[in-house]
Peer 1: 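The structure that follows is given in the form of structure tokens.
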Amino acid sequence: MASVRIREAKEGDCGDILRLIRELAEFEKLLDQVKISEEGPCVVGYGLYYFIYSTWKGRNIYLEDVYVMPEYRGQGIGSKIIKKVAEVALDKGCSQFRLAVLNWNQKAIDLYKALGAQDLTEAEGWHSFRFEGEAMRKLAGK
């Protein structure tokens with residue numbers, strides 16, 4: 001296995017991160033939805049997270065994306081990224097670590113369960129919704 005270092009992103013990583021975002025979008029069959037730009041090489045995976053708030057549990061961390069280039073998968077890099085986000089969550093006083101996965105991505109579902117994640121669709125029946133574009137403008141009365 002290649003030597004891997006998991007660290008927080010730096011400004012100079014933007015090109016690499018964008019390349020990985022495009023690869024993720026292609027994998028998810030949503031490449032046409034990527035509207036950001038930049039270029040670069042070298043990084044082989046990333047985890048994009050941010051903080052959210054639960055009315056019942058307080059501060060949480062949300063892992064928006066975790067992606068590892070196909071040729072580097074199966075080496076534990078994705079698990080290391082997820083574990084690093086868990087470390088950040090604990091260091092920042094978060095009570096929960098949340099993420100979502102497409103229903104057809106069984107490898108990711110299996111990985112999250114193996115790492116101890118609870119499937120809220122199965123356990124609590126939660127459905128995820130979003131407003132965007134025209135629906136969001138209409139909702140806002142604009």
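Scope of the values below: all heavy atoms of this structure, side chains included, with no hydrogens, waters or symmetry mates.
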Peer 1: Kindly work out whether a path of hydrophobic side-chain contacts (I/L/V/M/F/W/Y, heavy atoms less than 4.5 Å apart) joins Y62 to I109.
Peer 2: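 As far as the 4.5 Å side-chain criterion goes, I109 and Y62 are not connected within one cluster.
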
Peer 1: Step through the shown structure and confirm whether more than 12 heavy atoms of other residues, nucleotides or ligands are within 6.0 Å of CZ on F51.
Peer 2: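 Yes, enclosed.
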
Peer 1: Could you see if L115 belongs to whatever hydrophobic cluster contains I6? Use Ile, Leu, Val, Met, Phe, Trp, Tyr and a side-chain cutoff under 4.5 Å.
Peer 2: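 In one cluster with L115: I6, yes.
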
Peer 1: Which pair of non-hydrogen atoms, one from R59 and one from K92, has the smallest distance, and what is that distance?
Peer 2: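 So the minimum-distance heavy-atom pair works out to NH1-O, 3.4 Å.
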
Peer 1: Got a salt bridge between D13 and R7, using NZ or NE/NH1/NH2 to carboxylate O under 4.0 Å?
Peer 2: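 Judged by the 4.0 Å cut-off on N to carboxylate O distance, D13 and R7 do form a salt bridge.
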
Peer 1: When clusters are formed by joining ILVMFWY residues with side-chain heavy atoms under 4.5 Å apart, either directly or through shared neighbours, do I52 and L63 land in the same one?
Peer 2: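 No, because I52 and L63 fall into different hydrophobic clusters, even though each may have its own neighbours under 4.5 Å.
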
Peer 1: With hydrophobic residues grouped by side-chain heavy-atom distances under 4.5 Å, do L90 and I82 end up in a single group?
Peer 2: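 Different clusters: L90 never reaches I82 through Ile, Leu, Val, Met, Phe, Trp or Tyr contacts under 4.5 Å.
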
Peer 1: Do Q75 and K80 touch side chain to side chain, with heavy atoms closer than 4.5 Å?
Peer 2: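 They are not in contact (no side-chain heavy atoms under 4.5 Å apart), so the answer is no.
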
Peer 1: Would you say R73's side chain and V68's backbone share a donor-acceptor pair under 3.5 angstrom?
Peer 2: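 Side chain of R73 to backbone of V68: a pair is present.
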
Peer 1: Please give me the minimum heavy-atom distance between D32 and K35, naming the atom from each residue.
Peer 2: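 Minimum heavy-atom separation between D32 and K35: O-NZ, 2.7 Å.
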
Peer 1: Any salt bridge between E134 and K142, counting N to O under 4.0 Å?
Peer 2: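 Salt bridge flag = no for K142 with E134.
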
Peer 1: Does a side chain donor of either Y49 or E64 reach within less than 3.5 Å of an acceptor in the other side chain?
Peer 2: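 E64 and Y49 do not have a side-chain donor-acceptor pair below 3.5 Å.
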
Peer 1: Could you tell me which non-hydrogen atom of A25 sits nearest to which non-hydrogen atom of V34, and how far apart they are?
Peer 2: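 Scanning both residues completely, I find the closest heavy atoms to be CB-CG2, 3.3 Å.
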
Peer 1: Would you say the side chain of Y46 lies within less than 4.5 Å of the side chain of D65, judging by non-hydrogen atoms?
Peer 2: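 D65 vs Y46: side chains touch.
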
Peer 1: Does a side-chain N-to-carboxylate-O contact under 4.0 Å join E87 and K83?
Peer 2: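 K83 and E87: not salt-bridged.
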
Peer 1: Do K113 and E122 pass the salt bridge (Lys or Arg N to Asp or Glu O under 4.0 Å) test, and can you show the C-alpha distance, the side-chain angles, and the key distance before you say yes or no?
Peer 2: CA-CA 12 Å; K113 287 181 177 181; E122 290 176 0; 3.1 Å; yes

Peer 1: Can you give me the closest heavy-atom contact between A123 and Q118, atom names plus distance?
Peer 2: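 Minimum heavy-atom contact is CB-NE2, 3.4 Å.
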
Peer 1: Looking at NE2 of H127 and CG of L120, how far apart are the two atoms once the value is rounded to the nearest 0.5 Å?
Peer 2: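 If we round to the nearest 0.5 Å, H127:NE2 and L120:CG are 11.5 Å apart.
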
Peer 1: Less than 4.5 Å apart, any side-chain heavy atom of E23 and any of P70?
Peer 2: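 Yes, close enough: below the 4.5 Å cut-off.
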
Peer 1: Above 12 or not: heavy atoms from other molecules or residues under 6.0 Å from CH2 of W104?
Peer 2: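 Enclosed.
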
Peer 1: Roughly how far, to the nearest 0.5 Å, is the OG atom of S95 from the OH atom of Y53?
Peer 2: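 So the gap between those two atoms works out to 8.5 Å.
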
Peer 1: In terms of hydrophobic clustering (I, L, V, M, F, W, Y; side-chain heavy atoms under 4.5 Å; direct or indirect links), are L48 and V85 co-clustered?
Peer 2: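 Yes: a chain of side-chain contacts under 4.5 Å links L48 to V85.
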
Peer 1: So do the side chains of I21 and Y67 get within less than 4.5 Å of each other, counting heavy atoms only?
Peer 2: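 No, every pair of side-chain atoms sits at 4.5 Å or beyond.
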
Peer 1: Please answer whether the main-chain N or O of V101 pairs with a side-chain N or O of N103 as donor and acceptor at a distance below 3.5 Å.
Peer 2: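 Not a single qualifying donor-acceptor pair exists.
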
Peer 1: In this structure, which one of L24, L99, L111, I81 forms a side chain to side chain contact (heavy atoms under 4.5 Å, CB included) with V66?
Peer 2: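 Answer to the side chain to side chain contact (heavy atoms under 4.5 Å, CB included) test with V66 among L24, L99, L111, I81: I81.
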
Peer 1: Hey, are the side chains of I61 and R98 touching, using non-hydrogen atoms and a 4.5 Å cut-off?
Peer 2: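 No, their side chains stay 4.5 Å or more apart.
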
Peer 1: Quick one: do N105 and F27 satisfy side chain to side chain contact (heavy atoms under 4.5 Å, CB included)? Show the steps, please.
Peer 2: CA-CA 10 Å; N105 193 348; F27 174 75; 3.6 Å; yes

